[in-house]
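Computation of the quantities below employed the complete heavy-atom set of this structure, encompassing side-chain atoms and omitting hydrogens, waters and symmetry-equivalent molecules. Every chain is numbered from 1, with letters handed out A, B, ... down the list of sequences.
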2 protein chains.
Amino acid sequence: MAAGARRGPYVCGIDAAMDVVSGKWKSLILWELNNYGARRFGELRRGLPGVSEKMLIQHLREMEEDGLVHREVYREVPPRVEYSLTEDGTSLNEALGPLGAWGTARRERLTIEQSGV
Amino acid sequence: MAAGARRGPYVCGIDAAMDVVSGKWKSLILWELNNYGARRFGELRRGLPGVSEKMLIQHLREMEEDGLVHREVYREVPPRVEYSLTEDGTSLNEALGPLGAWGTARRERLTIEQSGV
DNA sequence: CTGTATCCACGTTGATACTG
DNA sequence: CAGTATCAACGTGGATACAG
């Protein structure tokens, strides 16, 4: 998303939010950035095992367009770029809290069912 | 999702939750079912303008497999089927609350920016 | 180091028609 | 009414190679 004409008229707030977090790694990026503050491209890549450079930069760009992430470029040699959360990104991360808790509780429940029953 | 071998090992709770809500209409189905209680297939379809029968039944089946939705069949003529939220579905809907609020606030902010600035 | 550019596989979504 | 079946179109995600 984010590249301009993708967003439809939303039926409710969930739509608008989901539109912005949908993407395989976005919630993880939010999490990383929230825990570590500013992170460099390479650091993020190592922090998200399995992500490809293409997907990472793609998600990062979209999140930047969506005003979730701030991109700071340091013109040095070698080049350095740091990503950090904006206020919106931070508040989104907070709004994601209950969902994460629900998911964790669900995971535990499923694990118990599998082993116990 | 839900059809068996789709779910990977999750990095955090968000993953597990996102896996279950991802799908163009799922959050809306949750919303509909939460507001109206039990709903019939046709009612849901009319409540979700634009959804195709295939997508609706597909999402419903997945949500049933995920234990979010309960499907009650009444053997009548003509056939009647009612869908309702399970406890898990209800709690998921609650966990989605903050996210919806965030999305709504964001929408308002964007609207103001577009008209005002 | 931080990206870009291609090409490709796959899943999801959608339109349409048909069945019990 | 409540689905099922089929086919097509599209977007997302992934691998690899290359560039500033």
From the options Lys24(A), Lys26(A), Arg71(A), select the one residue that forms a salt bridge (Lys or Arg N to Asp or Glu O under 4.0 Å) with Glu62(A).
Lys26(A)

Charged N-O contact under 4.0 Å between Glu82(B) and Arg80(B)
yes

Please tabulate the protein-to-nucleotide N/O contacts below 3.5 Å involving nucleotides 18-20 of chain D, giving atom names and distances.
none

Nearest-neighbour nucleotide for the Arg61(A) side chain, dG3(D), dA2(D), dT4(C) considered
dT4(C)

Rounded to whole Å, the CG-C1' distance (Leu56(B) to dC1(D)) equals 13 Å

Nearest to the side chain of Ile57(A), which nucleotide is it out of dT4(C), dG3(D), dG14(D)?
dT4(C)

Interatomic distance, Met55(B) CE vs dG3(D) C1' [rounded to whole Å]:
15 Å

Kindly confirm or rule out a cation-pi arrangement of Arg39(A) over Tyr83(A), judged by NZ or CZ under 6.0 Å from the six-membered ring centre and within 45° of its axis?
no

For Trp25(B), does the CH2 atom have more than 12 heavy-atom neighbours from other residues, nucleotides or ligands under 6.0 Å away?
yes

Under 4.0 Å between any heavy atoms, over every strand shown, what does Arg71(B) touch: base, sugar-phosphate, or nothing? Just pick one.
sugar-phosphate

Cluster link Trp102(A) to Trp31(B), ILVMFWY, side chain under 4.5 Å
no

Between CG of Asp19(B) and C1' of dT12(D) the distance, given in whole Å, is 15 Å

Which listed nucleotide (dT4(D), dG3(C), dG13(D)) is nearest to the side chain of Phe41(A)?
dG3(C)

Between Leu60(B) (CG) and dA2(D) (P), how many Å, whole number?
11 Å

Could you state the interatomic distance from CG (Asp66(A)) to CG (Leu92(A)), rounded to the nearest 0.5 Å?
10.0 Å

Does the side chain of Val81(A) come within less than 4.5 Å of Arg40(A)'s, by heavy atoms?
no

Is the phosphate of dT12(C), meaning OP1 or OP2, less than 4.0 Å from a side-chain N or O of His59(B)?
no

d(CD, Gln58(A); P, dT6(C)) in whole Å:
15 Å

Interatomic distance where CG belongs to Leu28(A) and P belongs to dG13(D) [whole Å]
13 Å

Examine Leu85(B) and Val73(B) and state if one hydrophobic cluster contains both, with Ile, Leu, Val, Met, Phe, Trp and Tyr joined whenever side-chain heavy atoms are less than 4.5 Å apart.
yes

How many whole angstroms separate atom CZ of Arg40(B) from atom C1' of dA2(D)?
9 Å

Could you check whether Tyr83(A) gets within reach of a base, just the sugar-phosphate, or nothing at all, counting any heavy atom under 4.0 Å?
sugar-phosphate

Between dT4(D), dC1(D), dG13(D), spot the one nearest the side chain of Lys24(A), thanks.
dG13(D)

In whole Å, what is the span from the OH atom of Tyr74(A) to the C1' atom of dG3(C)?
18 Å

Nearest-nucleotide wise, let me know which of Val73(A) and Ser52(B) is further upstream toward the 5' end of DNA chain C.
Val73(A)

Checking contacts here: which listed nucleotide (dA15(C), dC7(C), dG3(C)) is nearest the side-chain heavy atoms of Lys54(B)?
dA15(C)

So, is Trp25(A) close to the dG14(D) phosphate, meaning a side-chain N or O under 4.0 Å from OP1 or OP2?
yes

I want to verify a distance call: between dG3(C), dA2(D), dC7(D), whose nearest atom is closest to the Val81(B) side chain?
dA2(D)

